[in-house]
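Data block below; observations after.
Bear in mind that the values here come from a model prediction, so they are computed numbers and not experimental data.
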Amino acid sequence: MEKVREIVREGMRVGNEDPRRIIHAFKVGLALVLVSSFYYYQPFGPFTDYFGINAMWAVMTVVVVFEFSVGATLGKGLNRGVATLVAGGLGIGAHRLARLSGATVEPILLVMLVFVQAALSTFVRFFPRVKTKFDYGILIFILTFALISLSGFRDEEIMDLAESRLSTVVIGGVSCVLISIFVCPVWAGQDLHSLLASNFDTLSHFLQDFGDEYFEASEDGDYKVVEKRKKNLGRYKRVLDSKSDEEALVNFAEWEPPHGQFRFRHPWQQYVAVGALLRQCAYRIDALNSYINSDFQIPMDIKKKLETPLRRMSSESGKSMKEMSISLKKMIKSSSSDIHVSNSQSACKALSTLLKSGILNDVEPLQMISLLTTVSLLIDIVNLTEKISESVHELASAARFKNKMRPMVLYEKSDSGRIGRAIPVESHEDDHVVTVLHDVDKSNNADNSRGESSQDSCHHIAIKIVDDNSNHEKHEDGEIHVHTSLLEDVTRNGRLH
């Protein structure tokens, strides 16, 4: 009885991890019921009444073809259908060629043909590209060719065998594909996209928590907080093991039709490139984590000498990862991560200056080695973060992510000291259309400055913000301050309406 309860608990755990697994089980059952009707009821009359026992091929097709995701199901279905068609045609040709050669030569020729095609097909399976996408199709090709060509039937009977086998495979495959697509579909492309964004979040959490864990003694904090932090730090190991999942999902996603925000010929291979860079970063993090948990700990007073730049390097890299995660989840182009990358590189330069000043001259050699190894790993992570950011930008461009509409506030300051406040209402390509709500006189009190703006004082201005420091300045608070001359040029050109 205890064994039964253990199985039930395991089943509940598997279902709770991903409820789509329960739905998938029902979908497979539905597909089997559908194709079984061809065997029991022959619903299309003359079209299916000659299937006989061969209708079981449709059931077998459902069992071996129906996979968890649409891409995997579609890939296997197309592999099986095309392989059956090609192998059936070649098998019939081999059978008839052998019949023409006479009763003595026929078995020898058939055996030679089967040997040649089986040997060549098996060798082709070792090609990396073929093994990744067409391995199942090659297996079905070998099986069907041997079955058709070596059968001892007469010509008319072998034609019926090939036709019925192909028809039942098509029925089973089409049933699987239709149910997979239209009944609670599971898209491998969406899973891949979510997995990559989740990996960004995981590394982001580690890097942002690294400073607190490395520079604060465990005994100074609450035990539960410390344990929770250590658990979060260990999540990065999932990224190290994600390579096989990513490659499998990319393979399945390439079979899928356009869906949702994923267009035809979506750059799935770019996800592999981004994932590879993330794993390189995760390996550095794994080494970095070993120094946190090492038995040989550097005294806190020595760590504190480099605390400010090291904290900033890890924190800014983590924030950059977080921004890239948000960009992926929302499928928008964003340059926010570049700001954090730039900040982390500035922290690297500050650290280099600090080290050149001889701040560690009085540190013991073993402690120096440990500390400098940590520094080196963090510098590697900062450099990798920059490469990851560039790779994400390439992905965003190739996938045609939407331009981000940031809730920026634009200020225009005139010589009289009056400030015009503007907010964006829409965006067209490079243009930013803003609405000027009202003019605020800096000499007025706070109550007057918050006065309500009337409809008469609203103006719509379309401005084009270019990457020219002479036209605008971007501040740390995320606001953009546009100089008066830019707005005046726009108004002069007649774009004020």
Side-chain angles (χ1 to χ4, degrees), residues 4 7-88 133-137 139-141 143-144 147-148 159-191 248-249 251-260:
V4 174
I7 294 174
V8 172
R9 283 194 297 269
E10 180 67 12
M12 293 178 64
R13 184 191 64 79
V14 171
N16 289 331
E17 281 183 355
D18 192 347
R20 298 178 302 176
R21 295 170 179 171
I22 300 174
I23 299 175
H24 174 69
F26 282 101
K27 286 162 65 176
V28 173
L30 176 62
L32 283 173
V33 169
L34 182 62
V35 299
S36 296
S37 64
F38 286 91
Y39 180 71
Y40 289 112
Y41 302 108
Q42 299 176 356
F44 301 113
F47 180 70
T48 54
D49 58 3
Y50 71 94
F51 282 172
I53 193 64
N54 288 322
M56 296 306 295
W57 283 108
V59 177
M60 186 180 298
T61 299
V62 171
V63 173
V64 299
V65 166
F66 211 129
E67 294 288 343
F68 184 67
S69 67
V70 174
T73 302
L74 193 57
K76 265 196 167 183
L78 289 175
N79 266 281
R80 188 176 181 89
V82 172
T84 301
L85 176 63
V86 174
K133 302 195 69 173
F134 308 109
D135 188 65
Y136 179 71
L139 286 175
I140 297 300
F141 176 81
L143 173 64
T144 304
L147 180 66
I148 299 297
M159 285 295 295
D160 290 341
L161 173 64
E163 183 180 353
S164 62
R165 175 166 167 75
L166 179 61
S167 301
T168 51
V169 167
V170 168
I171 289 172
V174 169
S175 300
C176 292
V177 170
L178 292 179
I179 292 175
S180 180
I181 292 177
F182 294 107
V183 180
C184 301
V186 176
W187 300 102
Q190 182 61 59
D191 285 351
L249 288 173
N251 181 32
F252 299 150
E254 288 177 339
W255 289 103
E256 292 177 346
H259 57 279

Here the pair of heavy atoms bringing A188 nearest to S69 is CB-OG, 3.9 Å

Heavy-atom side-chain contact between V186 and H24 under 4.5 Å: no

For the residue pair N79 and I140, establish whether any side-chain heavy-atom pair is separated by less than 4.5 Å. no

How close do C184 and I23 get, heavy atom to heavy atom, and via which atoms? CB-CG2, 3.7 Å

Identify the heavy atoms of G15 and I22 that sit nearest to each other, and give their distance. CA-CD1, 4.1 Å

Please name the residue in the list I171, V177, V170 that meets the side-chain contact (heavy atoms from CB on, under 4.5 Å) test with V174. V170

Does any non-hydrogen side-chain atom of T73 lie less than 4.5 Å from one of F68? no

Smallest heavy-atom separation, R80 atom then V64 atom, equals NH1-CG2, 3.6 Å

Could you check whether D135 pairs with K76 (Lys NZ or Arg NE/NH1/NH2 to Asp/Glu carboxylate O, under 4.0 Å)? no

I want to check something: taking the side chain as every heavy atom from C-beta on, are R20 and D191 in contact at a cut-off of under 4.5 Å? yes

So, K27 side chain and F66 main chain: donor-acceptor pair closer than 3.5 Å or not? no

Output for pair (L249 CG, E256 CD), nearest 0.5 Å, gives 9.0 Å

Of the non-hydrogen atoms in V70 and P185, which two are nearest, and what is the gap between them? CG2-CB, 3.9 Å

Heavy-atom pair with the smallest gap, counting every atom of G137 and A83: O-CB, 3.1 Å

Assess the residue pair L143 and L139 against the criterion (side-chain contact (heavy atoms from CB on, under 4.5 Å)); give the C-alpha distance rounded to whole Å, side-chain angles, the decisive distance to 0.1 Å, and a yes or no. CA-CA 6 Å; L143 173 64; L139 286 175; over 6 Å; no

Is there a side-chain contact between L74 and F252 (heavy atoms, below 4.5 Å)? no

Going by side-chain contact (heavy atoms from CB on, under 4.5 Å), V62 matches just one of V33, I179, V35. Which one? V35

Within the structure provided, determine whether L178 and V183 are in side-chain contact (heavy-atom separation under 4.5 Å). no

Within the 4.5 Å heavy-atom criterion, are P257 and W187 side-chain neighbours or not? yes

E254 side, atom CD; K133 side, atom NZ - distance, nearest 0.5 Å: 4.5 Å

Would you indicate whether the side-chain heavy atoms of V59 and S36 approach each other to under 4.5 Å? yes

